[in-house]
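Report on the structure given below.
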Amino acid sequence: MTEQLILIDRPKPQTTILTLNRPEKRNALNLPLMEQLCLRLEELSKSEACRAVILRGAGPVFCSGLDLKEGLDTTLAERSGEMVARTFRTLSESPKVIIAAAHGAAIAGGGGLLLACDLVVAGDDLLVGFPEVRRGLVAGLVMAYLRRRVREIEANELLLGGELVDAPRAREMGLVNRIVSSDRLMAEAHRLAAAVSEGAPQALRTTKEFLRSLWPHSLEADLEQALGIHGRVRLGEEAQEGMRSFLEKRKPSWR
């Protein structure tokens, strides 16, 4: 039986909850999880009743980013990069309004999931960051979304410094819409979903499409460029050392 890595719940006809279900791995993004997430989102895109999708993570964190054990497998690098890009695009281009309910941490690719959602409700314990450079990686796919959310000086802070920021700083930067206590996280996400559900289905879809058309560059072109950078860097010596040192819980030895 295929492991159920995405849990699905429909508390109301207009609202669907998707839960990343790898709590023992801090919901790290591996190929099976991303494939299941895309499948669920694509199924929901055809639903006439659903207006809003709430995306959350099981366990102590929302998502810790790419599964680095899988990341060390060079034979999977190209497929993995393409799957990350597909996951981000499936979220951002969904005709449904996607609301992230994020707690604990959203790091690297996990932060990318937040950026690909339409709205983000953060628990007051949330930490967000993009420490890819500390792993010898480049957050190319994340940048395609981050550059649409924050000012250049803030992107520099997040991508070059690699430090995690807390929920208030994340809101200042424009990474999250609102912050609530962790015990109210899902209640606030449901409140937003109910507000979205007051909108007409075609009006919501058209509004999302028009907002995307106003971006100065097409997302497709940015992601295509990012995939080339992602693939080249991920197969390099720095990336292999960075991922290996992280898994071995030691400082990387940069040449």
Side chain to side chain donor-acceptor pair (under 3.5 Å) between D73 and T75, worked out:
CA-CA 5 Å; D73 188 341; T75 66; 2.5 Å; yes
Just by distance, no angles: are the side chains of T74 and R234 close enough, under 3.5 Å, to form a donor-acceptor pair?
no
Any side-chain donor-acceptor pair under 3.5 Å between S181 and D183?
yes
About how many Å separate [atom2] of [Y] and [atom1] of [X], when rounded to the nearest 0.5 Å?
{"X": "E220", "Y": "L223", "atom1": "CD", "atom2": "CG", "value": "7.5 Å"}
{"X": "L37", "Y": "N27", "atom1": "CG", "atom2": "CG", "value": "11.0 Å"}
{"X": "R255", "Y": "E237", "atom1": "CZ", "atom2": "CD", "value": "4.5 Å"}
{"X": "L55", "Y": "R40", "atom1": "CG", "atom2": "CZ", "value": "13.5 Å"}
{"X": "L247", "Y": "K249", "atom1": "CG", "atom2": "NZ", "value": "7.5 Å"}
{"X": "W215", "Y": "L219", "atom1": "CH2", "atom2": "CG", "value": "5.0 Å"}

With distance as the sole test, does [X] use its side chain to make a donor-acceptor pair with the main-chain N or O of [Y] at under 3.5 Å?
{"X": "S45", "Y": "E42", "result": "yes"}
{"X": "D9", "Y": "T16", "result": "no"}
{"X": "K96", "Y": "C50", "result": "yes"}
{"X": "Q36", "Y": "L5", "result": "yes"}
{"X": "Q14", "Y": "A52", "result": "no"}
{"X": "K251", "Y": "S245", "result": "no"}
{"X": "D124", "Y": "I179", "result": "no"}
{"X": "S94", "Y": "L91", "result": "no"}
{"X": "R171", "Y": "N177", "result": "yes"}
{"X": "E70", "Y": "L31", "result": "yes"}

If you look at every heavy atom in [X] and [Y], which pair is closest and at what distance?
{"X": "E132", "Y": "G109", "answer": "OE2-N, 4.1 Å"}
{"X": "E241", "Y": "W254", "answer": "CG-CZ3, 4.3 Å"}
{"X": "G65", "Y": "A108", "answer": "CA-CB, 4.4 Å"}
{"X": "Q240", "Y": "G71", "answer": "NE2-O, 4.3 Å"}
{"X": "I99", "Y": "A189", "answer": "CD1-O, 4.1 Å"}
{"X": "A170", "Y": "V128", "answer": "CB-CG2, 4.3 Å"}

Verify the neighbour count for atom [atom1] of [X]: are there more than 12 heavy atoms of other residues, nucleotides or ligands below 6.0 Å?
{"X": "E43", "atom1": "CD", "value": "yes"}
{"X": "E248", "atom1": "CD", "value": "yes"}
{"X": "L211", "atom1": "CG", "value": "yes"}
{"X": "E78", "atom1": "CD", "value": "no"}

Heavy-atom check, side chain of [X] versus side chain of [Y], under 4.5 Å:
{"X": "M143", "Y": "V138", "answer": "yes"}
{"X": "L137", "Y": "M243", "answer": "yes"}
{"X": "M173", "Y": "R151", "answer": "no"}

So, using side chain to side chain donor-acceptor pair (under 3.5 Å) as the criterion, who are the partners of D222 when residues are at least two apart?
R147, R148
Listed by chain and number, what are the side chain to side chain donor-acceptor pair (under 3.5 Å) partners of E48, not counting sequence neighbours?
none
Apply side-chain contact (heavy atoms from CB on, under 4.5 Å) to residues L204 and T207 and explain how you reach the verdict.
CA-CA 5 Å; L204 290 169; T207 297; 5.8 Å; no
Side chain to side chain contact (heavy atoms under 4.5 Å, CB included) partners for S64, two or more places apart
R26, A28
What residues form a side chain to side chain contact (heavy atoms under 4.5 Å, CB included) with E163, not counting sequence neighbours?
R134
Going by the rule salt bridge (charged side-chain N to carboxylate O under 4.0 Å, His left out), which residues pair with [X] if we only count those two or more places apart in sequence or in a different chain?
{"X": "R212", "result": "none"}
{"X": "E24", "result": "none"}
{"X": "E238", "result": "none"}

Would you list the pairs meeting ring-ring contact (aromatic ring centres under 6.0 Å, His included) in which at least one residue belongs to [range], sequence neighbours left out?
{"range": "residues 54-84", "result": "none"}
{"range": "residues 182-203", "result": "none"}
{"range": "residues 88-123", "result": "F88-Y145"}
{"range": "residues 165-185", "result": "none"}

Side-chain heavy atoms nearer than 4.5 Å, only ILVMFWY residues, links allowed to pass through others: does that put M34 and I8 together?
yes
Is it possible for you to say whether V97 and V53 belong to one hydrophobic cluster, with membership spreading through side-chain heavy-atom contacts below 4.5 Å?
no
With side-chain contact (heavy atoms from CB on, under 4.5 Å) as the test, would you mind laying out the steps for V176 and V121 before giving the verdict?
CA-CA 6 Å; V176 306; V121 181; over 6 Å; no
Would you check, one step at a time, whether the test side-chain contact (heavy atoms from CB on, under 4.5 Å) holds for L18 with I54?
CA-CA 6 Å; L18 297 181; I54 298 173; over 6 Å; no
Could you please spell out the steps behind the side-chain contact (heavy atoms from CB on, under 4.5 Å) verdict for L146 and L159?
CA-CA 10 Å; L146 187 66; L159 297 168; 3.8 Å; yes
The single option from E172, R149, R169 passing side chain to side chain contact (heavy atoms under 4.5 Å, CB included) against E154:
R169
For E35 and R79, run salt bridge (charged side-chain N to carboxylate O under 4.0 Å, His left out): C-alpha distance rounded to whole Å, both residues' side-chain angles, the deciding distance at 0.1 Å, then the answer.
CA-CA 11 Å; E35 287 166 355; R79 182 181 166 204; 2.6 Å; yes
Quiz: residues 111-119 side-chain donor-acceptor pairs under 3.5 angstrom, not counting sequence neighbours:
unit_1	atom_1	unit_2	atom_2	d
D118	OD1	K208	NZ	3.4
D118	OD2	I98	N	2.8
D118	OD2	K208	NZ	2.8

